[in-house]
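Everything below concerns the one structure shown next.
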Amino acid sequence: MSLGMIRYRVERPDGEFLSEFSTNALDVAEERIARIRKHVPDLKVTETPDD
């Protein structure tokens, strides 16, 4: 049984690591990324399956 988890890696445009987290709730991911984006507008977000 798959939980459908997605791992999100958030980096600055220059590649500096900022955050990494897993969730299966898209709204939680969008909210968290939006909070970071307030301080770093040009984020690079990578999504990969985390099952």
Side-chain angles (χ1 to χ4, degrees):
M1 182 172 151
S2 175
L3 296 176
M5 299 291 285
I6 301 292
R7 177 168 299 278
Y8 296 87
R9 181 175 174 90
V10 183
E11 300 174 338
R12 291 184 183 272
D14 64 3
E16 180 184 350
F17 171 80
L18 295 174
S19 182
E20 187 171 71
F21 61 96
S22 291
T23 184
N24 62 352
L26 181 59
D27 57 334
V28 171
E30 289 174 343
E31 180 181 323
R32 187 165 178 175
I33 292 167
R35 283 196 310 259
I36 298 170
R37 200 173 298 255
K38 287 181 183 177
H39 304 284
V40 184
D42 297 329
L43 293 178
K44 176 184 172 191
V45 180
T46 305
E47 300 176 14
T48 55
D50 193 28
D51 288 337

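Just so you know, residue 1 is the first one in the sequence shown, and it goes up from there.
- When all heavy atoms are compared, the tightest approach of S19 to I36 is CB-CD1, 4.0 Å.
- Within the structure, no pair that satisfies the ring-ring contact (aromatic ring centres under 6.0 Å, His included) test touches residues 22-51, not counting sequence neighbours.
- Looking at every heavy atom in both residues, D42 comes nearest to P13 through O-CG, 2.9 Å.
- Remark: E31 engages R35 in a salt bridge (Lys or Arg N to Asp or Glu O under 4.0 Å) (not counting sequence neighbours).
- Annotation: the span from T46 atom OG1 to I6 atom CD1 amounts to 12.5 Å, rounded to 0.5 Å.
- Note on L3: it does not cluster hydrophobically with L26, by side-chain heavy-atom contacts below 4.5 Å among ILVMFWY residues.
- Under the side-chain contact (heavy atoms from CB on, under 4.5 Å) criterion, P49 pairs with no residue at all, not counting sequence neighbours.
- Distance check: L18 CG to K44 NZ gives 11.5 Å after rounding to the nearest 0.5 Å.
- Residues I33 and L43 approach most closely at O-CD1, 3.9 Å, considering heavy atoms.
- Pairs of residues two or more places apart, or lying in two chains, that qualify as side-chain hydrogen bond (donor to acceptor under 3.5 Å, both in side chains) and include a residue from residues 5-17 are R7-S22, R7-D50, R9-E11, R12-E16.
- Placement of V40 and V10 within a single hydrophobic cluster is found when ILVMFWY residues are connected by side-chain heavy-atom separations under 4.5 Å, directly or transitively.
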